[in-house]
Amino acid sequence: MPGRLRKVSPLKKPDRAYYALGLEGSANKLGAGVIKHDADGSSVVLSNIRHTHMTPPGEGFLPRETAQHHRQWALTVIEDAVKQAGISMHDIDCICYTKGPGMGAPLVSVALVARTLSLLYDKPLVGVNHCVGHIEMGRVVTGAQNPVVLYVSGGNSQVIAYSKQRYRIFGETLDIAVGNCLDRFARVINLSNDPFPGYNIEQEAKKGKRLLPLPYTTKGMDVSLSGILTAAEAYTQDKRYRPDAQSTLDEDIITPADLCFSLQETVFAMLVEITERAMAHIGSREVLIVGGVGSNERLQQMMGIMASERGGKVFATDERFCIDNGIMIAQAGLLSFRMGLTTPISKSTCTQRFRTDEVYVAWRA
Amino acid sequence: MSNSHSDWHIVTVRVPFASARHTAIAKQVIEVDRELQPHAVKRSLIVEDDILVATFTTLTVRLARLTVNAFLENVELVVRTIGQFGEDAERVPS
């Protein structure tokens, strides 16, 4: 019986230290970061700067104003990132930018700066898939070996597992992303968008006492969320709804806290179910949660309960890395660059739709 | 429906730069993205020494406004980027 072949990573140890600048702007966060791949193969975060386009309570962010915000802040954030890294732009090996998916005008605003810097300093460009950026940053920060990845943010909700040079999508939302569902509900109950609406929903949910019935919609490996959002919004028109009251079980009332609590419990349970299904399918014991919604501690807790029942564990990163940032783009970009993949400037476009499994993951066995 | 663009609207914008190299950079950066409505908006980007000459031929006045506005927003960003990093880029690394 032949011995089990151990896969050798195609990514060779670097002959010297490599530096990459990563630029991210697919949603309302504008981020720039510098990463270093040391000669011993380790990844070091040298800087991670971010500025968020914040809207008043009750309002979401729109492409035009978001692009305007990115144009206004890009140069400052990039300058700060390079300065804090303690290097010069001349030391950078490649300039990585988010090619997609995301919002069109904001993506292009960042790409324009990336191209200009690339031509000024004569550095190659690397277009990066936003989702792959999240995954690679999660892997390097947590050290998870081969986890099932739950990527949940305002724009994306996917269950991903790696196989043969692709990040394969096992399950996903059939309509809106989890973060989008939470953000839009936050607008209906007029929660602040500072620091981000999901955080305020999480805090509000802690005060909830009543679990209201909401449609639980997993569809095989996938989930559907637009129906739950409508149902949650409908409760605010219910005659029992009291927008300013404290949650209590003594009176038959519904408060915003109750709705936040019910929405989180239902939606997160659905995510745990489809993640568990993927884990069972491939026999994995690790879950890596990435994306802005991954910073929610209740989701991490619920996932942890499921994982430990299966003898596994959950990996998650903190807000520096799970919320959109430039360093994750630098990390994924530098891995591509070290495998010889760059983006010629004439092809350095942006695209609003960019499937995670379209990327050829050359750097993994 | 006339195909000859003779009744279309034409706007020409001339943007001067500090050097021919900077002008060429700006052209290369901006020409990458396709116009969103290529059937109703035609764009030409030409470098004349150190001036970037952009000509937009559009089907409607509204499209002329939107296209030129977007172009100016983008050019302004490229100009600011060159302004902030241009000098450092020219510095020979020690």
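Chain identifiers are assigned alphabetically (A, B, ...) following the order of the sequence lines, protein sequences preceding nucleic acid strands; residue numbering begins at 1 within each chain. The figures that follow rest on heavy atoms only: side chains count, while hydrogens, waters and symmetry mates do not.
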Asker: Walk me through whether B:H22 and A:L120 qualify under side chain to side chain contact (heavy atoms under 4.5 Å, CB included).
Answerer: CA-CA 8 Å; B:H22 285 173; A:L120 278 175; 4.3 Å; yes
Asker: Is it the side chain or the backbone of A:E79 that comes within 4.5 Å of chain B heavy atoms, both, or neither?
Answerer: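 A:E79 touches chain B through backbone and side-chain heavy atoms alike.
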Asker: My understanding is that only residues two or more places apart in sequence, or in another chain, count here; which of them pass ring pair (Phe, Tyr, Trp, His ring centres under 6.0 Å) with B:H9?
Answerer: none
Asker: State whether the number of non-hydrogen atoms from other residues, nucleotides or ligands found under 6.0 Å of B:R34 atom CZ is greater than 12.
Answerer: no
Asker: Tell me the residues of residues 63-73 of chain B whose non-hydrogen atoms fall below 4.5 Å from those of chain A, in number order.
Answerer: B:N69, B:E73
Asker: Tell me every residue that passes side chain to side chain donor-acceptor pair (under 3.5 Å) with A:N193, counting only those two or more places apart in sequence or in another chain.
Answerer: A:T55
Asker: Between B:I30, B:N74, B:L36, which shows the greatest number of heavy-atom pairs under 4.5 Å with chain A?
Answerer: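 Ranked by heavy-atom pairs under 4.5 Å with chain A, first place is B:N74.
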Asker: Taking all non-hydrogen atoms of both residues, which atom of A:Y121 and which atom of B:F85 are closest, and how far apart?
Answerer: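 Nearest pair, atom of A:Y121 first, then B:F85: OH-O, 3.4 Å.
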Asker: Residues in side chain to side chain donor-acceptor pair (under 3.5 Å) with A:R338, at least two apart?
Answerer: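 Per chain and number, A:R338 pairs via side chain to side chain donor-acceptor pair (under 3.5 Å) with A:H37.
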Asker: Does CD in A:E358 sit with more than 12 non-hydrogen atoms of other residues, nucleotides or ligands closer than 6.0 Å?
Answerer: yes
Asker: Answer whether the closest heavy-atom distance between the side chains of A:T76 and B:Q84 falls below 4.5 Å.
Answerer: no
Asker: Looking at every heavy atom in both A:H90 and B:D88, which two are closest together, and how far apart are they?
Answerer: NE2-O, 2.8 Å
Asker: Return yes if some donor-acceptor pair links the side-chain N/O of A:R71 with the main-chain N/O of B:L77 below 3.5 Å, else return no.
Answerer: no
Asker: Side chain, backbone, both or neither: which part of A:S348 has an atom under 4.5 Å from a heavy atom of chain B?
Answerer: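 Both parts, backbone and side chain.
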Asker: Do B:R80 and A:T116 have side-chain heavy atoms sitting under 4.5 Å apart?
Answerer: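 SC-SC contact between B:R80 and A:T116 ruled out.
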Asker: Starting from the C-alpha separation in whole Å, work towards a yes-or-no answer on side chain to side chain contact (heavy atoms under 4.5 Å, CB included) for B:T81 and A:I78.
Answerer: CA-CA 10 Å; B:T81 309; A:I78 294 172; over 6 Å; no
Asker: Give a yes or no on this: more than 12 heavy atoms of other residues, nucleotides or ligands lie within 6.0 Å of atom CG of A:D122.
Answerer: no
Asker: Assess the residue pair B:V32 and A:K347 against the criterion (side chain to side chain contact (heavy atoms under 4.5 Å, CB included)); give the C-alpha distance rounded to whole Å, side-chain angles, the decisive distance to 0.1 Å, and a yes or no.
Answerer: CA-CA 7 Å; B:V32 177; A:K347 298 222 162 49; over 6 Å; no
Asker: Decide if atom CG of A:D15 counts as having more than 12 heavy atoms of other residues, nucleotides or ligands within a radius under 6.0 Å.
Answerer: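 Atom CG in A:D15 is crowded, with more than 12 foreign heavy atoms closer than 6.0 Å.
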